[in-house]
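Count residues from 1 along the sequence. Counting starts at 1 for both ligands and their atoms, in listed order. Being a predicted model, the structure only gives us computed values, none of them experimental.
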Amino acid sequence: MTEFNIKKKLVLLNSFLLFFVSCKTLEKNSIQGAVVSAREEASKIGVEILKKGGNAFDAMVATSFALTVVFPNAGNITGGGFMVYRTLKGDIGSLDYRETAPLSSSEKMYLDEQGEANKDLSRTGGLAVGIPGSVAGILEVHEKMGSLPLKDLIQPSIELAKRGFVVTEKQAQSLNNKRDEFIKVNGKNTFYGKIFNSGDTIKNPNLAKALNEISKHGNKGFYEGWVAESMVKKINKTGGNVSLEDFRSYEPKWRSPIVFYYKDLKVISMGPPSSGGICLAQMMKMVEPYNIGDLKYKSHKALHLMIEAERRSYADRSFFLGDPDFVSIPKYHLISSDYLSERMLNYNPLLASKSSDISYGDIVVVESDETTHFSILDSFGNAVSVTTTLNGSYGSKVFVDEIGVFMNNEMDDFSSKPGSPNMFGLIGGKANSIKPKKRMLSSMTPTIVERNGKLFLILGTPGGSTIITSVFQTILNAYEYKMGIQESIDAPRFHHQWVPDSVRFEPNFKNVNELKRLKLLGHHFDLEKSKLIGRVDAIMVDKNGKISVGADKRGDDSAQTY
Ligand code: GLY
């Protein structure tokens, strides 16, 4: 019996034992379990699985497939992601199902004759596509941690794809904004090529067929046979160079999560190839000695401290981080208290640093803000935090008709040329250069937090490079400023990522006097450029075991409970 099968059996056994032991606590709760995701339909499908006695891992499988149907800009079977978990017993782990670079890829594949990075090629069309990890990841979770039959977890999404989902106002806007790009890559009769209105129903019978193939044949139903062939054909027809061997050889990887302590919190987050956990640890540990809870919420003093921590962490991110199977990352050193106090030696509470004075010069990586996160807690106490992505909104815009989905454009998360701008005009480092089968650096930060040894928060968000700062701020809101989970999520956010040397504030950041003071300290920002940051979906368990949920109102996100 494998270590994971033993673990699965232990999870189940403990689930039942602890379920009875904890019944007293649960009686006090009106909420026993919850799924919070980007769409109501997906959260409902996940929660139905919990109601049927499935555990949080079963619900992860069902919710992932449902998001593919109802949230085509980021929910996916054709992208990749990360899962962080904590079982009811307190065992923790993480799964990396990030995409990989195709076997045909090379460090200079996006450079033109002048040696300049061609951004179009890494963002749109077949050459932008990484080999998807989502299906292998989801099925791995099911095999090692799930308890219900796979077909029961996929069937609701197959039915949803056949029956159709109703387009929301935000979704109609998002689809219509990208319509020209869909048509440019796929032709005018492409599936998403029409104009959508809120209230329209989208049925996707081809996606239902593909999901059915996965239900019947597992990984082989996606990575081999007609589903894989249709992806290879379309990717190559639109400028890519992938093979069936790329698909056949994809493997997800269990990795040790990043674990760090902040006061009486233990934070468990995703390690490389995501930068999320390391940067979150750096930011939290850099502010820890300053007792930020004593500084008034959103005061210029609190903002200044957090911005300076964010600046230093993003500088490190660009230099040190990449796929741990290809580059050596000093991860324990990067999150050690000694190192982080050293990083803050030049912190001046009365003056903003200049990013050019913070080491590692002028390199940083940024990803698109079109990712999706969901958080799950089952009645046994198992917690699951998943962030998954196609990278750009609707990925590469390459639509595979036979399976009814867009392919990712995750290759743009590599640095095509150290020093050359990524999707958001920013730049990446050597550790994140392209190599066949390498995973591109991510910012996704699925996170679970314990307080005094007990589950406290399950959270994460989309938002590209702003993911890490959104998670950082939400944790501080909940812990230091004692906000409830919905309030922690609703609170206005800000973001600094070292380069460019400016702070981004959300439009509802209204404390004008504090912002004036922040400017006097030497920070740069332009409130005209404000836009929304992240969509955090989270679950909180208070000191008495009471569960509360928070779905981000910035999107169509929905918390479903039972
Ligand atoms: N493509 C978004 C991320 O991986 O962070």
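- Asp325 pairs in a salt bridge (Lys or Arg N to Asp or Glu O under 4.0 Å) with only one of the listed residues (Lys253, Lys437, Arg98, Lys435), which is Lys253.
- Every heavy atom of Met440 sits 4.0 Å or more from the atoms of ligand 1.
- Of the N and O atoms on the side chains of Arg312 and Ser353, at least one donor lies less than 3.5 Å from an acceptor on the other residue.
- Ligand 1 places these atoms under 4.0 Å from at least one heavy atom of Asn391: 1 (N), 2 (C).
- In the vicinity of Thr371, heavy-atom distances shorter than 4.0 Å reach the ligand 1 atoms 2 (C).
- A donor atom on one side chain and an acceptor atom on the other are found under 3.5 Å apart for Ser37 and Ser43.
- A pairwise comparison of heavy atoms in Thr63 and Gly46 identifies OG1-CA, 3.4 Å as the closest pair.
- Residues Thr445 and Ser269 approach most closely at CG2-OG, 3.4 Å, considering heavy atoms.
- Residue Asp413 approaches ligand 1 through these ligand atoms, each under 4.0 Å from one of its heavy atoms: 1 (N), 2 (C), 3 (C), 4 (O).
- With a 4.0 Å heavy-atom cut-off, ligand 1 is reached by the side chain of Arg98 but not by its N, CA, C or O.
- Each of the following atoms of ligand 1 lies closer than 4.0 Å to a heavy atom of Met444: 3 (C), 4 (O), 5 (O).
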